[in-house]
Amino acid sequence: LHDNKMSTVNNHHETSRKELEDASRLPALETAYTDILRHLGEDTDREGLLRTPLRAAKAIQFLTKGYHETIDDILNNAIFDEDHDEMVIVKDIDMFSLCEHHMVPFFGKVHIGYIPNKKVVGLTEFLCFVLVSVQERLTKQIAVGISEALQPKGVAVVIEAAHMCMVMRGVQKMNSRTVTSAMLGVYLEDPKTREEFLYLSRRT
């Protein structure tokens, strides 16, 4: 109980520190967005844009908050001892993030599978494994994060996403999807286990 209280206090202190850092950086971000709009030829003094730089600054802080989060922050003491060694699959997790190449959104679905080794995690915590990154790195980050936290027999992650940098610019392929995968442990070593995960994750 004492450890849980200390963890709660530490998390509160970390949250408070992050909020203070965000507040201190907000004026510089607001100024940067004002400059961007002016360089695009906009009149930042017109009514419709008066608060746009501030709103954009707050939005980018929220969208990039994953840069400052750790695996411990995400799991938040949600790991449990459990005598369970059968495959666990959480699929169709909605994902929204930013591409670090163009700072535009990509979104799609994440499918995660793992085979426990006496430890499991609350299913809702998987929803928080979305970090701001390129999709290829994000897929591996999720797999490695789960592996480090749970030390399972294996982890598999597949991400299917639409990238706005492809849809809105460049090749402008409206229905294009990028699929990436990362396999660790038995999912990498055992083709049958890998195929079982891929089959089950595709089922509707």
Pairwise distance NZ(Lys153) to CE(Met87) - rounded to 0.5 angstrom: 11.5 Å

Mind checking whether Leu29 and Leu40 sit in one hydrophobic cluster, side chains of I, L, V, M, F, W, Y counted as touching below 4.5 Å? yes

The complete set of side chain to side chain donor-acceptor pair (under 3.5 Å) pairs with one or both residues in residues 29-40, sequence neighbours excluded, reads Arg38-Thr44

Spacing of CG belonging to Leu184 relative to CD belonging to Glu189, to within rounding of 0.5 Å: 10.0 Å

Cluster link Leu26 to Leu50, ILVMFWY, side chain under 4.5 Å: no

Applying side-chain contact (heavy atoms from CB on, under 4.5 Å), name anything that partners Ala156, two or more places apart in sequence or on another chain. Met183, Tyr187, Phe197

Go through the steps to decide whether Val179 and Ile159 satisfy the test side-chain contact (heavy atoms from CB on, under 4.5 Å), and finish with yes or no. CA-CA 6 Å; Val179 180; Ile159 295 180; over 6 Å; no

Closest approach of Arg55 and Gly48, non-hydrogen atoms and distance? NH2-O, 4.1 Å

Shared hydrophobic cluster, Leu98 / Phe62 (ILVMFWY, side-chain heavy atoms < 4.5 Å): yes

Let me confirm one number: the CZ-CG distance from Arg25 to Leu20, rounded to the nearest 0.5 Å. 11.0 Å

Might you point out which heavy atoms bring His163 and Thr178 nearest each other, and give the distance in Å? CD2-OG1, 3.7 Å

Criterion side-chain contact (heavy atoms from CB on, under 4.5 Å) on Ile112 and Ile142, from CA distance to verdict: CA-CA 9 Å; Ile112 299 173; Ile142 294 173; 3.9 Å; yes

Contacts of Glu196 meeting side-chain hydrogen bond (donor to acceptor under 3.5 Å, both in side chains) (sequence neighbours excluded), chain-then-number -> none

Straight-line distance of Lys91 NZ to Leu200 CG, nearest 0.5 Å: 7.0 Å

Does His102 reach the main-chain N or O of Cys165 with its side chain, forming a donor-acceptor pair under 3.5 Å? no

Is Ile60 close to Met103 at the side-chain level, that is, under 4.5 Å between some pair of heavy atoms? yes

Do Leu150 and Pro116 come within less than 4.5 Å of each other through their side chains, counting heavy atoms only? no

Contacts of Asp190 that satisfy side-chain hydrogen bond (donor to acceptor under 3.5 Å, both in side chains) - sequence neighbours left out: Thr193

In one Ile/Leu/Val/Met/Phe/Trp/Tyr side-chain cluster, 4.5 Å: Leu54, Leu63: no

With a 4.5 Å cut-off on side-chain heavy atoms, are Glu86 and Val88 touching? no

With a 4.5 Å cut-off on side-chain heavy atoms, are Val158 and Thr180 touching? no

side-chain contact (heavy atoms from CB on, under 4.5 Å) between Met164 and Phe107, intermediate numbers included: CA-CA 8 Å; Met164 290 297 97; Phe107 60 91; 3.4 Å; yes

Spell out, as yes or no, whether a donor-acceptor pair under 3.5 Å connects the side chain of Arg194 to the backbone of Leu188. yes

Validation row: Asp92, His111 side chains within 4.5 angstrom (heavy atoms): yes

With sequence neighbours left out, write down each residue that passes side-chain hydrogen bond (donor to acceptor under 3.5 Å, both in side chains) with Lys119, or none if nothing qualifies. none

Residues two or more places apart in sequence or in another chain: which of them pass salt bridge (charged side-chain N to carboxylate O under 4.0 Å, His left out) with Lys109? Asp94

Enter the distance from Asp22:CG to Gln61:CD here, rounded to the nearest 0.5 Å. 4.0 Å

Applying side-chain hydrogen bond (donor to acceptor under 3.5 Å, both in side chains), name anything that partners Arg51, two or more places apart in sequence or on another chain. none

Given side-chain contact (heavy atoms from CB on, under 4.5 Å), test Leu138 with Phe106 step by step and report yes or no. CA-CA 12 Å; Leu138 174 59; Phe106 66 93; 4.1 Å; yes

Contacts of Glu42 meeting side-chain contact (heavy atoms from CB on, under 4.5 Å) (sequence neighbours excluded), chain-then-number -> Leu37, Arg46, Leu49

